[in-house]
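Proteins come first, then strands; the chains are lettered A, B, ... in the order of their sequence lines, and each starts at number 1.
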Number of protein chains: 4
Amino acid sequence: MTHLSTNRYGKSRVRVMKVVRRETHHAMKEWNVRVLLHGDFETCFTDGDNSNILPTDTMKNTVYYLARESQAATLEEFATELVEYLLANNPQVTKASVEIEEKNWKQAQIDGAPHATTYQLCGPEVQTTEVIRERDGAVTVTSGIDGLVILKTTNSAFTGYIKDKLTTLPESTDRIFATRATATWDYSPIPSSYEAVRAAALTALMKTFADHNSLSVQHTLYDIGAAMLATVPEMSRVKLTLPNIHCLLVDLNRFGQQNPNQIFVPTDEPSGYIEAVIER
Amino acid sequence: MTHLSTNRYGKSRVRVMKVVRRETHHAMKEWNVRVLLHGDFETCFTDGDNSNILPTDTMKNTVYYLARESQAATLEEFATELVEYLLANNPQVTKASVEIEEKNWKQAQIDGAPHATTYQLCGPEVQTTEVIRERDGAVTVTSGIDGLVILKTTNSAFTGYIKDKLTTLPESTDRIFATRATATWDYSPIPSSYEAVRAAALTALMKTFADHNSLSVQHTLYDIGAAMLATVPEMSRVKLTLPNIHCLLVDLNRFGQQNPNQIFVPTDEPSGYIEAVIER
Amino acid sequence: MTHLSTNRYGKSRVRVMKVVRRETHHAMKEWNVRVLLHGDFETCFTDGDNSNILPTDTMKNTVYYLARESQAATLEEFATELVEYLLANNPQVTKASVEIEEKNWKQAQIDGAPHATTYQLCGPEVQTTEVIRERDGAVTVTSGIDGLVILKTTNSAFTGYIKDKLTTLPESTDRIFATRATATWDYSPIPSSYEAVRAAALTALMKTFADHNSLSVQHTLYDIGAAMLATVPEMSRVKLTLPNIHCLLVDLNRFGQQNPNQIFVPTDEPSGYIEAVIER
Amino acid sequence: MTHLSTNRYGKSRVRVMKVVRRETHHAMKEWNVRVLLHGDFETCFTDGDNSNILPTDTMKNTVYYLARESQAATLEEFATELVEYLLANNPQVTKASVEIEEKNWKQAQIDGAPHATTYQLCGPEVQTTEVIRERDGAVTVTSGIDGLVILKTTNSAFTGYIKDKLTTLPESTDRIFATRATATWDYSPIPSSYEAVRAAALTALMKTFADHNSLSVQHTLYDIGAAMLATVPEMSRVKLTLPNIHCLLVDLNRFGQQNPNQIFVPTDEPSGYIEAVIER
């Protein structure tokens with residue numbers, strides 16, 4: 001005998017762009033939304049009974065509809081509205097979650113000032129959020145950033161590690177530290193301005209990364225997390241993933257050259273993987 | 001005050017290809033390995049003390065070294081060997097996990113028979129495994145497949161769902177059902193042949209998908225899971241993710257044409273997302 | 001003074017799937033179409049005069065409309081129909097080209113036989129065509145394949161090359177030869193069956209790759225091209241691009257192991273690039 | 001009888017990062033290099049004779065070696081040095097070309113100022129160059145940019161185009177204009193500062209895009225090209241490719257809402273394709 005265990009369903013990659021035509025400029029945001037529902041769906045799986053199924057196509061329409069109705073200025077607020085709407089209108093749903101990625105569009109710099117109606121995509125990173133609510137519980141809001149590609153050319157060392165018969169890595173007191181950072185953080189309580197808190201968190205991340213005298217990726221990760229928590233009182237915990245994107249020092253001795261930390265080969269694979277949660 | 005919570009680290013995207021030169025043919029496998037360790041690493045994060053840190057570069061070397069030593073014929077066996085080696089040689093490690101993806105290389109068909117030393121990449125799907133062991137616990141082995149792209153042109157309907165003011169989807173009694181399937185399953189007990197069990201599981205998946213009179217993606221997902229469990233006694237549970245990759249019927253009325261389920265536009269986004277675990 | 005020189009415009013990535021419901025099975029094809037037009041468009045560029053502009057949206061509709069009307073069984077025939085339609089209906093167009101990629105869908109094997117209505121995506125490669133006609137000229141048809149990933153574990157050597165002060169590559173008499181092949185070929189005259197000719201061409205490609213005693217990628221490329229031309233009398237020339245996807249022999253001496261061509265690291269970058277045209 | 005026609009070979013995706021440790025900051029650049037050679041290689045193809053073959057592995061080493069020797073401050077200068085080195089050291093080579101992409105790293109802004117040793121990847125676009133020289137000819141240098149993602153929310157219309165029986169696109173006097181711009185331009189004569197000329201060219205591109213009262217993509221493309229030529233006297237011609245990345249106005253009437261150019265669905269496919277060369 002088999003039975004249905006945990007399950008969820010929804011709609012992924014619902015893209016929506018909203019242009020708010022203000023007097024001074026057009027405020028434009030591009031969001032990529034995923035909606036996921038938990039609830040009483042067992043007979044759909046076992047019997048093909050769709051009477052409790054909100055079509056994923058309707059979830060897509062809900063994103064468009066609410067985008068028009070909404071006054072939300074941030075992805076966190078819009079995700080919260082979506083969660084509330086889905087729970088309020090669908091009694092069969094016991095839990096709803098909405099994830100949003102926001103592309104890094106910025107007003108283009110023209111003649112030294114941001115242009116009122118022209119945007120440029122700046123950076124591979126996306127701003128992220130995940131909002132979850134169980135029907136009888138409180139909303140939880142996670143904010144974050146994904147794909148922030150940063151690099152420091154000095155103040156990064158890696159020494160004193162375990163050596164065994166398979167060790168070939170030489171110690172380094174001055175290596176390149178490159179990463180594609182992912183951070184997500186939880187709020188308690190919800191902040192009064194998601195935008196202000198996000199900006200402060202990312203400033204702390206960048207400043208710590210830049211100034212840190214790194215003894216390992218772990219070492220810098222921890223201090224970044226601590227700095228973010230110190231900066232944002234509403235942040236209860238932060239999860240950081242800092243892959244080590246290796247930039248290999250080229251052996252130029254073979255060609256009669258020295259290489260005093262000048263010529264490197266950046267690589268995509270393999271990469272180190274460092275992940276931790278820092279809490280209060 | 002902040003403190004370190006959960007953390008892990010390791011090496012991602014370690015690619016290794018092994019060629020075993022048998023008498024009748026060369027057996028070739030290409031694996032992409034991720035190693036992750038949990039353990040006593042707190043002072044590395046907080047103080048930059050690397051004395052308990054096995055470098056991720058050494059993990060990479062361990063993959064190469066063990067690939068040479070190993071007689072493992074399957075990704076599950078090789079992942080298990082890696083987990084055991086890492087625990088046995090690193091007392092500071094409390095838990096090790098290894099994930100492997102195997103590319104879908106098959107012997108090329110030449111003159112109607114598999115060629116002894118020539119391979120062709122067949123299909124976007126990869127075979128997967130994840131093996132985990134806590135130092136004082138038993139090994140758990142998960143097998144799976146990721147990215148299996150399949151499609152049926154009939155025997156798929158979707159009717160009887162909730163209609164509300166945001167519904168625009170018409171009911172369909174004959175639609176295209178396309179998906180990019182991901183499946184993972186756990187064993188209890190460990191099977192005597194991972195390869196035989198995997199083949200049986202995938203055969204059940206494909207046959208159920210092909211023959212099912214689908215009333216929804218959920219409906220087919222459940223019957224696929226049940227068929228896999230019925231086929232493989234060692235399988236204790238299976239998790240299936242079947243995104244609904246929509247193929248939209250084109251409105252040809254605008255051009256004075258009928259479209260009796262002939263002309264579709266396949267789309268990448270948005271897509272439905274259906275996920276469930278089926279257990280005994 | 002500046003002026004407009006060469007220009008063209010059109011629609012890219014028009015995806016269309018056609019299901020022909022035959023008695024024995026459903027014949028399904030998925031095409032990705034690009035349409036490009038040349039013609040009298042100068043005032044559009046210089047003055048914003050769109051009176052000679054067929055919207056790219058209409059080109060998209062034309063693909064859908066013709067897909068419904070067409071009896072074409074191959075991508076080459078459908079591309080030719082599109083080119084002819086666009087020229088016949090748009091006097092302002094002096095030259096039309098259509099490129100199509102066909103995904104490698106095959107009927108799924110269920111119970112040892114191809115299933116009538118279920119398909120599986122097999123292989124990353126796509127079948128390709130490019131059809132071009134100037135208004136007063138003849139149609140030219142190019143067929144091809146893109147992204148065919150193949151590998152041979154022996155019968156590949158590379159020795160006797162130039163050595164200079166920057167040489168570090170050791171000679172090899174037995175290396176892995178992996179590539180992601182692209183081939184395109186022209187017809188003169190047009191063959192009676194594109195499908196038969198394509199199958200014969202690819203069989204020759206695969207067989208030569210498998211059996212060749214390769215002294216370099218160039219050496220194998222040439223013999224593949226010669227074999228394709230020998231097999232297909234209607235083929236006037238073939239262009240082959242065979243990147244050398246390096247599989248590096250791992251230095252296991254460091255770990256006290258020998259590595260008799262068993263353990264390799266496959267790499268994505270850098271890669272060799274070998275390209276040539278072979279003609280009659 | 002078959003024979004070898006045009007051919008070339010080389011190395012793709014050679015990545016190199018150079019860090020110049022200046023007093024005030026570390027100047028860092030990341031380049032992705034492709035080298036291609038033409039020459040007397042026929043017997044390699046036909047007979048497996050490698051005596052005239054410079055291994056592509058050696059080309060890779062040449063990139064590293066020259067990166068160390070070079071004082072080049074721009075990708076154009078470094079590509080030129082590579083071309084000259086390859087021709088000077090390889091008499092069998094009749095023509096050499098080098099393409100380089102430079103990633104868009106910028107010094108990170110920390111405390112309101114560029115940090116001396118920390119970089120952030122800004123934008124998906126890459127700076128590009130292609131330098132070609134035939135042994136007895138002059139060097140030609142092309143500069144460019146690829147993947148510049150920009151968008152304007154107003155001042156874009158598309159009306160007055162051809163209507164036929166397959167037309168469904170409504171005219172628009174105010175649509176979103178989004179593109180992923182590619183530009184390449186040639187120099188005559190070579191400018192005294194590639195960097196200054198590049199900056200001026202891109203400023204002209206951005207300003208024209210932002211301020212243009214666009215009647216079609218073609219219309220804006222032409223004026224961008226004209227502005228670039230007007231700004232940079234050394235630019236002899238510019239080729240622009242401006243795909244039309246469609247942002248579709250959502251039909252909200254179905255939900256009882258109006259949509260005064262506020263809610264759009266950005267799409268990746270299909271996309272318009274507009275390409276032209278503007279010359280003096």
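- Below 4.5 Å, heavy atoms of chain D meet heavy atoms from A:Met206, A:Lys207, A:Phe209, A:Ala210, all part of residues 198-210 of chain A.
- Both the backbone and the side chain of A:Asp268 come within less than 4.5 Å of a heavy atom of chain D.
- Side-chain contact check for D:Val19 versus A:Phe264: some heavy-atom pair is nearer than 4.5 Å.
- Per-residue heavy-atom pair counts under 4.5 Å with chain A were compared for D:Asn155, D:Ile176, D:Asn104, D:Leu252, and the maximum is reached by D:Leu252.
- Interface residue A:Val250: only side-chain heavy atoms are found under 4.5 Å from chain D.
- Taking 4.5 Å as the heavy-atom cut-off, the residues of residues 60-68 of chain A that approach chain D are A:Asn61, A:Tyr64, A:Tyr65, A:Ala67, A:Arg68, ordered by number.
- You'll find the side chain of A:Arg15 stays beyond 4.5 Å of the side chain of D:Thr267, heavy atoms only.
- Counting heavy-atom pairs closer than 4.5 Å to chain A, the top-ranked of the candidates D:Ala116, D:Ala178, D:Pro266 is D:Pro266.
- In this structure, D:Gln120 and A:Ile150 have side chains that are in contact, with non-hydrogen atoms separated by less than 4.5 Å.
- Atom CD of A:Glu69 has more than 12 neighbouring heavy atoms from other residues, nucleotides or ligands inside a 6.0 Å radius.
- Annotation: maximal heavy-atom pairing with chain D below 4.5 Å, among A:Met28, A:Gln257, A:Gln258, occurs at A:Gln257.
- Only the side chain of D:Arg21 comes within less than 4.5 Å of a heavy atom in chain A; its backbone stays farther off.
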